Amino acid sequence: MNPYVLLAKKRQGSELTEDEIREVARGAATGSWSEAQLGAFLMAVAIQGLSRRETAVLTEEMRVSGELWYLRDAFPGVVDKHSTGGVGDTVSLALGPLLACCGIPTVMLTGRSLGHTGGTADKLESIPSLDLALTRERTLSLLESVGLAVGIATEGIAPADRTLYRLRDQTATVSSIPLVIGSILSKKLAVGPAAIAFDVKTGSGAVFADPKESRELAQRLVDTSQDMGCPATALLTDMSQPLGSWVGHLVEVRGALEILENEGEPRLRRVTLALAEEAAAARPELGLSAVDFEAALADGRARQRFDEWAIAQGADASWIAAPDLQEAGFETVLEASRDGCLRAIDTQYLGQRMTELWRGAEGIDVRVGLRQEISLGSSVPQGTALARVFTARELSAEEKQALAGSFSVGETCPAPELIQARLSPSS
């Protein structure tokens with residue numbers, strides 16, 4: 001098949017056939033297409049888009065380009081959860097143990113930091129000796145023993161996506177919705193869950209900040225997953241401020257443990273419980289509801305399952321028994337410069353500034369973090385502490401000013417709706 005003809009067809013906005021899409025995915029997986037040709041395809045898709053049919057076909061071809069785990073054959077009812085990423089979003093760390101202790105086997109393939117958003121894998125690796133490398137055999141063993149596996153998949157999963165993802169970053173096509181869907185679902189569905197619960201973020205800290213775009217992404221993730229035989233639902237949740245009180249690595253582990261100990265940030269708790277209910281909807285025979293999940297937090301079962309899972313994945317048992325969650329030693333307080341209420345947070349900018357602070361020449365400083373003290377819509381007299389930043393060194397005046405610039409105090413400050421929509425498959 002002539003790549004030139006195929007590329008010209010998509011550039012003109014015509015739909016590709018299944019064989020043509022299969023040719024692109026095969027070219028990405030085997031290297032038979034040059035990077036220039038693949039980059040041209042990505043740009044054509046970013047400009048012209050893909051239909052629902054084309055998106056499903058591309059996702060399927062990327063999925064079958066590598067290993068297929070078929071986990072639901074061995075563990076019927078195994079579920080997955082995916083978040084499109086945000087600042088202070090540590091739901092996965094709390095949700096997995098909560099589902100597992102209530103009888104819902106759960107597997108989550110996680111990623112590293114992307115832009116202004118912290119990666120779940122990076123946060124978990126702040127736990128001493130925790131091993132996030134997953135193969136099919138290890139995943140099955142973990143599901144059998146503790147009902148939960150969280151980590152990074154083998155490179156054999158969806159190799160076509162690995163090539164296209166790298167080129168998307170180089171060609172400014174990261175934010176193309178069909179390409180995002182193909183990237184997410186090719187890996188998720190290669191693992192083979194029975195159902196997926198999506199948490200799609202919207203607002204200033206989301207990858208897709210515009211509500212219309214984020215809603216479109218949520219609906220198309222659900223529809224494409226359904227088209228490929230995996231039931232899915234999505235929640236559209238607010239990311240106009242950090243989801244939890246903490247932003248960082250080790251400090252977000254602290255935030256997740258607070259939820260598992262029946263405490264913690266109410267926003268983080270609410271989204272965690274809402275996604276637990278979405279996962280439970282895929283297992284109606286269990287008869288689980290919010291009451292059951294709240295009970296598992298209250299009686300300590302969820303925290304106990306976190307400990308069991310972490311040790312099963314290699315974490316230092318002595319650390320798990322007495323976690324050292326102390327933040328870095330230099331504290332900087334960001335204060336309200338005037339009377340009013342907290343009107344807005346430039347959450348993407350805040351995430352970028354924090355990323356700069358915890359990245360150093362020797363890698364990530366997991367003890368660097370921020371604690372948000374005031375939520376959007378709250379009254380803030382002048383001098384009120386809006387946030388506290390913990391670093392390994394004293395911040396310069398410029399750095400402090402940059403962080404403080406993320407917070408805006410105004411006169412009228414309506415609080416955003418946390419869970420803005422629930423999306424199920426469209427017809």
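Computed from a predicted model, the values in this text were never measured in an experiment.
Residues passing the disulfide (SG to SG under 2.5 Å) test with Cys102: none are found, sequence neighbours excluded. Remark: Asp346 pairs with no residue by the salt bridge (charged side-chain N to carboxylate O under 4.0 Å, His left out) rule, at least two apart or across chains. The salt bridge (charged side-chain N to carboxylate O under 4.0 Å, His left out) check on Arg303 picks up Glu261, Asp307, with sequence neighbours excluded. For Lys201, the salt bridge (charged side-chain N to carboxylate O under 4.0 Å, His left out) partners at least two apart in sequence or on another chain are Asp89, Asp199. Residues passing the side-chain contact (heavy atoms from CB on, under 4.5 Å) test with Arg367 are Leu250, Asp324, Gln326, Ala328, Asp365, sequence neighbours excluded. For the side-chain contact (heavy atoms from CB on, under 4.5 Å) test, residues two or more places apart in sequence or in another chain that qualify with Glu308 are Val146, Gln304, Arg305. Applying the side-chain contact (heavy atoms from CB on, under 4.5 Å) test to Arg136 and every residue at least two apart in sequence or in another chain returns Trp69, Leu71, Leu140. Glu18 is linked by a salt bridge (charged side-chain N to carboxylate O under 4.0 Å, His left out) to Arg22, counting only residues two or more places apart in sequence or in another chain. In this structure Glu60 satisfies the side-chain contact (heavy atoms from CB on, under 4.5 Å) test together with Arg63, Val64, Met228, sequence neighbours excluded. Qualifying ring pair (Phe, Tyr, Trp, His ring centres under 6.0 Å) partners for Phe198, counting only residues two or more places apart in sequence or in other chains: none.
Residues in residues 29-40 take part in these salt bridge (Lys or Arg N to Asp or Glu O under 4.0 Å) pairs, two or more places apart or across chains: Glu35-Arg166. Listed by first and then second residue, the ring pair (Phe, Tyr, Trp, His ring centres under 6.0 Å) pairs involving residues 293-315 are Phe306-Trp309 (not counting sequence neighbours).
Ser14 and Lys10 share no donor-acceptor pair across their side chains, judged by distance under 3.5 Å alone.
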